[in-house]
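Working notes, beginning with the structure itself.
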Amino acid sequence: MDFGPFLLLALMEGTVMAAVLALTAVGLSLVFGVMRVVNVAHGEFFMLGAVIAWFVTHYMPGPPAVGFAAALVICPLLVGGVAALSDTLILKRLNYDPEATIVATIGLSYIFQQAALTFYGPDARPVEAPFDLRIQLPWFGYSGYKIAVVVAAIVILLAVWLLMTRTRAGLIMRATQLDRTTARAFGINVDRVYAAVFALGAGLAAVAAVLIVPIQQAHYLMGHDPLLLSFIVVIIGGLGSLRGTLLAALVIGLSDGVISVFFSPTLAKILATLLVAMVLVFRPQGLFGVKQ
Amino acid sequence: MTRALALHLGVIAALFAAQYLLPSYHQTNIARIMVLAVFAMGYNIAFGYTGLLSLGHALFFAAGLYATGLGIELAGLSAAPALLLGLIAGGAIAAATGVLALRTSGVSFMIVTLMFAQTGYLTILYFGTYTRGDEGIVINRAARAIGSLDLSADTPRYFAALTLFAIALLINLMLTRSRLGRSMIAMRENEQRSRMLGYNPFRVKLIALVISGLYAGAAGAAYGVLFGYVGASFATIQYSILPLLYVLLGGAGTTLGPFLGALIMFYLIDISSGYTTAHLFVVGAALLVLVLFAPKGILGTLRERAVKWLP
Amino acid sequence: MAAIILFARGLTKHYDGIKAVENVDFDLTAGQIHALIGPNGAGKTTFVSLLSGRITPSAGTIQFDGADITRLPAHSRVARGIAYTFQITSIYANLPVFDNVALAIQRKGSKHLKTDTMAALARVGLDKMADQTAGTLAYGHQRLLEIAMGLSMNPKLLILDEPTQGLANSEIEAFKALIRAVTPQTTVLLIEHNMDVVMDLADQITVLNFGEKLATGTPAEIRANKAVQTAYLGG
């Protein structure tokens with residue numbers, strides 16, 4: 001293949017990557033923005049989404065599309081439920097002390113991994129794509145499903161944006177983010193908002209995972225990379241800034257896609273993690289954030 | 001001799017005696033626990049005493065482990081200089097990390113240290129030609145000796161681990177009694193006030209982190225020589241969480257907490273693996289229970305309730 | 001005229017356009033007790049925080065003991081002899097009383113840390129409580145401990161932010177005696193709301209209002225100053 005088409009392929013792969021990453025990272029960013037909680041278990045919510053998607057599609061009768069559609073609904077609900085429960089039972093009791101919550105979410109991530117290992121097993125298993133369509137470009141064929149993933153991610157992100165900016169629920173979340181004491185004084189049930197935000201963040205990770213399972217297989221340790229990449233995106237985008245997160249997801253997703261095609265993926269990861277550390281050290285407001 | 005010194009010497013003496021009482025299987029376990037406890041003691045110096053919650057100490061442990069392992073396997077060093085190299089590597093990497101990471105604090109510090117450790121892990125994989133990546137290196141038995149002392153054999157290995165542990169523990173005790181130790185605790189308790197007493201927080205914290213790195217490096221180096229295996233898994237996030245877990249369990253900011261935590265956790269997993277394969281659950285549940293119900297750990301709670309003089 | 005130990009020229013601090021301290025010139029005579037007064041929100045704490053280095057100025061310079069310290073971090077200023085005690089008691093609440101003062105004393109280097117620390121505690125009458133956890137002391141004792149930490153650094157300049165707040169009358173008398181005893185070896189700058197304490201102790205008074213210097217003078221001059229009366233009485 002010539003360089004031009006090769007680069008195009010790399011960019012397309014990067015876009016798929018960026019779309020899924022944006023969904024996952026926006027979930028992490030929401031949780032950090034509203035609750036000031038660094039959720040180390042976020043990758044495990046992603047993993048649970050994928051594993052549950054396997055169960056749903058495996059046991060759902062009918063054509064793959066039906067099972068997949070069911071997974072798209074069931075996975076975020078279940079994972080969101082688990083998240084809300086974790087928030088109420090654990091994080092709330094810690095009074096959202098930053099360091100204690102990190103230790104607690106590390107604990108949770110081990111427990112979720114164990115749960116997946118025990119009930120799902122150590123194997124990586126594929127989930128069948130809901131449809132099989134190959135789009136033939138002049139230079140290579142490309143999976144229609146991957147393009148659908150990008151479209152779906154954009155639709156969901158738009159929905160999140162509408163939720164945050166155009167609805168009462170979004171207003172309440174933003175009010176809580178600005179000042180939780182004042183929000184409480186205005187009669188907002190902060191506990192419930194926190195549980196809902198934690199569930200929403202986890203749900204977004206789960207949806208991202210459902211979208212990706214037909215491309216990547218479900219595995220109990222698969223949460224590691226999305227967590228790390230989401231961290232990278234959220235930090236570079238500016239902690240808690242949704243717009244910055246989206247922009248960073250695009251940049252990181254695309255460059256990761258391109259760099260991985262042309263260079264060693266390990267080297268790409270080394271550079272990305274180092275970049276994050278340096279951003280936090282020298283530009284804590286993120287590359288795209290504004291200084292507060 | 002103070003009560004505290006007597007207690008510490010007592011623990012060392014008990015571990016010395018244990019060598020003659022324990023069957024071989026537990027002897028190896030205790031040797032391993034003592035080395036891991038040194039790692040946790042180092043972690044405790046940063047976290048428990050100075051208040052630096054790092055999520056990247058695997059980097060310092062791995063620095064010691066790989067400096068020693070590669071020193072032996074690639075550079076043909078003998079064990080003694082290789083161990084020294086490991087110690088220095090731990091301290092040097094901690095210094096380099098600290099100079100950058102200590103510009104941040106709190107949650108940012110946790111993430112920055114996590115990212116540096118991840119970079120270290122990936123670097124080990126990247127240079128797989130030398131490190132053999134995940135598969136790791138088995139250090140040849142002949143090199144695992146100091147003079148005529150074969151450190152791969154049970155008894156010398158146990159005593160080598162005990163020697164390292166005893167030195168580390170007594171230095172730790174001295175440190176808590178020293179002016180430096182007091183100024184480290186002052187950083188944990190009230191950084192603003194300390195600054196207004198004329199302490200440079202960056203300097204004190206950097207010194208603490210370097211000492212912490214020297215402990216971790218020494219533990220890593222010893223682990224390589226005593227158990228003969230150097231692998232990338234020791235650089236993963238799990239090995240950054242492990243000392244945190246030990247310290248939280250035993251009691252942050254107590255000299256004997258890291259050892260107690262390592263001992264209990266090790267045997268908790270060892271015994272539970274007889275009944276279930278759910279190690280991850282044991283670790284996760286332990287973290288949750290500790291952070292929810294006993295944030296001061298066993299010795300921290302004991303000190304608060306009863307034994308006030310416990311260092 | 002005695003030597004000036006510290007002076008500030010054009011000292012300014014803005015927060016997002018709010019002028020907390022605006023173009024203040026300020027002279028501190030060595031060995032004197034200088035009081036800083038002004039209505040709430042006049043910028044007194046911001047001003048002394050600029051002097052002690054807890055915050056950096058937007059503009060202006062500060063000289064201390066013959067050297068420009070405008071850009072020095074707080075801990076280096078402390079090393080040069082500026083001690084600062086906090087308005088809201090800032091002690092090591094979880095540490096023993098002994099350690100609180102020992103931390104102050106060991107910093108400047110002491111061969112006999114234990115005796116020196118006990119002596120410093122005795123000076124404020126806290127030596128009997130050396131082993132007690134500082135956070136469990138009565139409020140008045142915590143204030144005394146805070147002052148003891150400041151004094152035991154043997155500073156050239158001691159900045160006290162509302163030291164008598166929350167003290168009983170008898171404790172205030174003891175405090176006044178303590179402060180008189182450290183001058184003239186130590187220069188004292190204090191922010192104080194209690195006018196009796198100010199008029200009784202201060203050699204010089206500076207009045208701040210809306211971040212600007214309104215007047216400087218002896219207690220008698222300040223009492224007679226029309227502008228000060230207006231600012232205080234809102235007339």
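All of these numbers come straight from a predicted model, not from anything done at the bench. A, B, ... follow the sequence lines: proteins, then strands. Residue 1 opens every chain.
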Step through the atoms of chain B and chain A and list each donor-acceptor pair whose separation is under 3.5 Å.
from, atom 1, to, atom 2, distance (Å)
B:Thr119, OG1, A:Thr273, OG1, 3.3
B:Leu280, N, A:Gln114, OE1, 3.0
B:Phe281, N, A:Gln114, OE1, 3.2

[options]: which one forms the most heavy-atom pairs within less than 4.5 Å of chain B?
| options | value |
| --- | --- |
| A:Pro98, A:Ala272, A:Ala104 | A:Ala104 |
| A:Leu271, A:Val40, A:Leu267 | A:Leu267 |
| A:Val103, A:Ile102, A:Leu108, A:Ile270 | A:Ile270 |
| A:Ile232, A:Ile90, A:Leu117 | A:Ile90 |

Per-residue contact mode, B:Leu245 against chain A (heavy atom under 4.5 angstrom):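 For B:Leu245, no heavy atom lies under 4.5 Å from chain A.
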Contacting moiety of A:Val38, where chain B heavy atoms sit under 4.5 Å: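 For A:Val38, the contact with chain B is made by the side chain alone.
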To the nearest 0.5 angstrom, please state how far the CD1 atom of A:Ile235 sits from the CE atom of B:Met115.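 Rounded to the nearest 0.5 Å, the CD1-CE separation comes out at 4.5 Å.
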For residues 281-295 of chain B, tabulate all N or O donor-acceptor pairs below 3.5 Å that involve a side-chain atom, not counting sequence neighbours.
none

Test side-chain contact (heavy atoms from CB on, under 4.5 Å) applied to B:Leu280 and A:Ile111, step by step: CA-CA 6 Å; B:Leu280 294 168; A:Ile111 290 176; over 6 Å; no
For the interface with chain A, which of B:Leu102, B:Leu122, B:Val112 has the highest count of heavy-atom pairs at distances below 4.5 Å?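 Most heavy-atom pairs under 4.5 Å with chain A: B:Leu122.
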When heavy-atom pairs shorter than 4.5 Å are enumerated against chain A, which of B:Leu244, B:Ile241, B:Leu125 gives the highest number?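 With the most close heavy-atom pairs to chain A, the winner is B:Ile241.
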Contact between B:Phe116 and A:Leu274 at the side-chain level, heavy atoms closer than 4.5 Å - yes or no?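 Side-chain contact under 4.5 Å: yes.
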For A:Ile106 and B:Leu55: C-alpha separation, side-chain torsions, deciding distance, then whether side-chain contact (heavy atoms from CB on, under 4.5 Å) applies. CA-CA 11 Å; A:Ile106 290 172; B:Leu55 290 181; 4.0 Å; yes
Can you run down the salt bridge (charged side-chain N to carboxylate O under 4.0 Å, His left out) pairs that involve residues 241-258 of chain B, sequence neighbours left out, and say none if there aren't any?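 Salt bridge (charged side-chain N to carboxylate O under 4.0 Å, His left out) check on residues 241-258 of chain B returns no pairs.
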Go through the structure and list residues passing ring pair (Phe, Tyr, Trp, His ring centres under 6.0 Å) with A:Phe112, not counting sequence neighbours.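 A:Phe112 satisfies ring pair (Phe, Tyr, Trp, His ring centres under 6.0 Å) with A:Phe45 once adjacent residues are dropped.
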